[in-house]
2 protein chains.
Amino acid sequence: MPDTEEKKCRRDIDHLIASVSEDELGELAELFKIFGDSTRIKILYALFSGEKNVTEICEAIDMNQSAVSHQLKILKTSKLIQSRREGKSVVYSLADDHVKTIIAMGREHIEE
Amino acid sequence: MPDTEEKKCRRDIDHLIASVSEDELGELAELFKIFGDSTRIKILYALFSGEKNVTEICEAIDMNQSAVSHQLKILKTSKLIQSRREGKSVVYSLADDHVKTIIAMGREHIEE
DNA sequence: GCATCGTATGATAATATATTCATATGAATA
DNA sequence: TATTCATATGAATATATTATCATACGATGC
């Protein structure tokens, strides 16, 4: 009898979390720490709908430019976002789809 | 032509992250903040293999009892773990599967 | 070159967080 | 009930983190 999709998924997850070293757990904590700030989460969420420059991000989340730039740097260092210069402005975008997935999982947990 | 599993999954995620209120983003940040500490991640990971009492957790992650108890309280308040008394000891276990999923997603991101 | 717009950054102050120490509570048992 | 084992908790210290302010940097246009 073939596995259900759910069973397959469960097994994948179990495989992903098996044999995690202490170092990796530390890295994981560092990663989640990045998500654990409402300013940064708002920035990430603002980028869900597509790339934005710094000024646009500031408007979207209603925070001043300096605070946003500081957090953008942290997000970029963590490789959650990427940037490119376009004339006078710098345009930011999500680095990959894991950001969306991680936030979606978090939301699932909250909604229970 | 029917959707692939991957397409379905992508659509589910997009749905989950659409229309998130500012309050919800704050709750999300609070949730991820819990994962963003290496002691707490270690505790959660220690519970992946099954329930443990406080003493066993202390041994598993090599931290003193007081520090562990403080973090256990935070994890329990966030509903990531649950507990029950068993004689002199208190046994802790993961509250649901989302914990595993969230950590698995984090690990996927790191491994790139 | 100079002014201006957009962004980045360093220093500071305010706040939050984790660990430790001491001690309290709670359950079992002699 | 006095003692011991297991866990919880309050206070204090140490550390980390964030927003703000001032200012610097980079690109564009005059």
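Lettering follows sequence order; numbering is per chain, from 1. Fair warning: this is a prediction, and the values are worked out from it, not measured in the lab.
Taking A:Lys88 as the reference, nothing meets the side-chain hydrogen bond (donor to acceptor under 3.5 Å, both in side chains) condition, with sequence neighbours excluded. Taking A:Ala29 as the reference, B:Ser38, B:Ile41 meet the side chain to side chain contact (heavy atoms under 4.5 Å, CB included) condition, with sequence neighbours excluded. Considering only residues two or more places apart in sequence or on other chains, A:Lys33 meets the salt bridge (Lys or Arg N to Asp or Glu O under 4.0 Å) condition with A:Glu30. For B:Gln65, the side-chain hydrogen bond (donor to acceptor under 3.5 Å, both in side chains) partners at least two apart in sequence or on another chain are B:Ser69. For B:Asn53, the side chain to side chain contact (heavy atoms under 4.5 Å, CB included) partners two or more places apart in sequence, or in a different chain, are B:Thr55, B:Glu56, B:Ser89, B:Val91. Partners of A:Glu24 under the side chain to side chain contact (heavy atoms under 4.5 Å, CB included) rule, at least two apart in sequence or in another chain, are A:Val20, A:Ser21, A:Glu27, B:Arg107, B:Glu111. Legend: residues meeting side-chain hydrogen bond (donor to acceptor under 3.5 Å, both in side chains) with A:Thr77, ordered by chain and number and at least two apart, are absent. For A:Lys73, the side-chain hydrogen bond (donor to acceptor under 3.5 Å, both in side chains) test picks out no residue, with sequence neighbours left out. With sequence neighbours excluded, the residues that form a side chain to side chain contact (heavy atoms under 4.5 Å, CB included) with B:Asn64 are B:Ser66, B:Ala67.
Within residues 54-70 of chain A, the residues that place at least one heavy atom under 4.0 Å from DNA chain D are, in residue-number order, A:Asn64, A:Ser66, A:Ala67, A:His70. Against DNA chain D, the stretch residues 36-44 of chain A makes heavy-atom approaches under 4.0 Å through A:Asp37, A:Thr39, A:Arg40.
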(request) Encode nucleotides 24-30 of chain C as B, S and - characters from 5' to 3', where the letter depends on protein heavy atoms closer than 4.0 Å: B to the base, S only to sugar-phosphate, - to neither. (result) ---BS--
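Here A:Lys76 lies out of heavy-atom contact (under 4.0 Å) with every strand.
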